Colleague: 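Structure in structure tokens, see below.
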Amino acid sequence: MEWVQGFLGKHKRLAVFDEIWSSLPPYLGFTSPKKQYRQITMWSGTEIQGVGKVILACFTAAMRRGQDTSRLSLAAQSDLKVAIQAVRALSDFCLIAQYRSHTPKTIKYMSKYLQDFYKYRHVFGEFRASKADYRKAKGASHDLAASQARQSTISNYFQVTARQKTNEAFANR
């Protein structure tokens with residue numbers, strides 16, 4: 001769901017989303033979250049199912065609430081409509097996918113919702129890393145780890161000045 005966070009952050013609505021998320025009341029089949037959305041690092045299966053039930057409402061409310069945030073531009077309002085359709089389609093798909101059994105009709109619904117999501121997901125494209133980006137990041141992470149291991153080995157054998165340590169830390173960052 002990082003792409004939802006990216007979209008909300010771009011439109012300066014992330015704090016509003018967190019506020020709405022943490023103020024959700026409990027109801028049958030949904031446990032009220034104890035933390036803000038961004039503070040949750042480990043998701044249980046029950047929590048993930050709960051997200052599917054409320055993500056559309058929280059997302060829409062956060063994007064449309066205007067009393068404590070700046071007004072959206074016309075282009076942003078257009079993106080908002082597409083984003084809401086994408087989140088709705090994905091949410092509906094996930095909710096139907098949780099059924100214990102499926103009929104040809106439910107499978108048809110799931111297919112339609114998935115097609116709708118693919119039709120509207122382009123609005124989140126800038127917040128999603130491509131496979132090439134993942135490969136580059138993994139390679140850079142591996143190179144950095146090797147460099148740091150090499151540097152720590154060298155540091156153990158030789159006296160390194162504070163300036164050299166600062167330069168190495170800057171290069172690693």
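All values reported here derive from a predicted model rather than from experimental measurement.
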Colleague: Does H102 reach the side chain of M110, with side-chain heavy atoms less than 4.5 Å apart?
Modeller: yes
Colleague: I'd like to know whether E126 forms a side-chain contact (heavy atoms from CB on, under 4.5 Å) with K10, so could you lay out the CA-CA distance, the side-chain angles of the two residues, the decisive distance to 0.1 Å, and finally the verdict.
Modeller: CA-CA 10 Å; E126 65 185 281; K10 176 184 176 183; 3.0 Å; yes
Colleague: Can you check whether E19's main-chain N or O pairs, donor with acceptor, with S23's side chain at less than 3.5 Å?
Modeller: yes
Colleague: If you measure from SG on C94 to CZ on F117, what distance do you get to the nearest 0.5 Å?
Modeller: 9.0 Å
Colleague: Is the backbone N or O of A86 less than 3.5 Å from a side-chain atom of R88, with the two atoms forming a donor-acceptor pair by type?
Modeller: no
Colleague: Taking the six-membered ring for Trp and the single ring otherwise, decide whether the centroids of Y109 and F93 are under 6.0 Å apart.
Modeller: no
Colleague: Under 4.5 Å between side-chain heavy atoms, hopping through other hydrophobics if needed: is there a path connecting V4 to L95?
Modeller: no
Colleague: Can you find a pair of side-chain heavy atoms, one from V87 and one from F124, that are under 4.5 Å apart?
Modeller: yes
Colleague: For R13 and L8, indicate whether the former's side chain and the latter's backbone hold a donor-acceptor pair under 3.5 Å.
Modeller: no
Colleague: Nearest 0.5 Å, what's the CG-CD distance between L80 and Q85?
Modeller: 10.0 Å
Colleague: What pair of heavy atoms forms the shortest contact from V82 to V123, and how long is it?
Modeller: CG1-CB, 3.9 Å
Colleague: Might you point out which heavy atoms bring I96 and T106 nearest each other, and give the distance in Å?
Modeller: CG2-O, 4.0 Å
Colleague: In Å and rounded to the nearest 0.5 Å, what is the CG to CG distance from D92 to L114?
Modeller: 12.0 Å
Colleague: Would you call the rings of F59 and F7 parallel, tilted or perpendicular if under 30° counts as parallel and over 60° as perpendicular?
Modeller: tilted
Colleague: Quick check: closest heavy atoms across C58 and L24, and the distance to 0.1 Å?
Modeller: SG-CD1, 3.7 Å
Colleague: Do I107 and L90 share a hydrophobic cluster, counting only Ile, Leu, Val, Met, Phe, Trp and Tyr and linking them when any side-chain heavy atoms are less than 4.5 Å apart?
Modeller: no
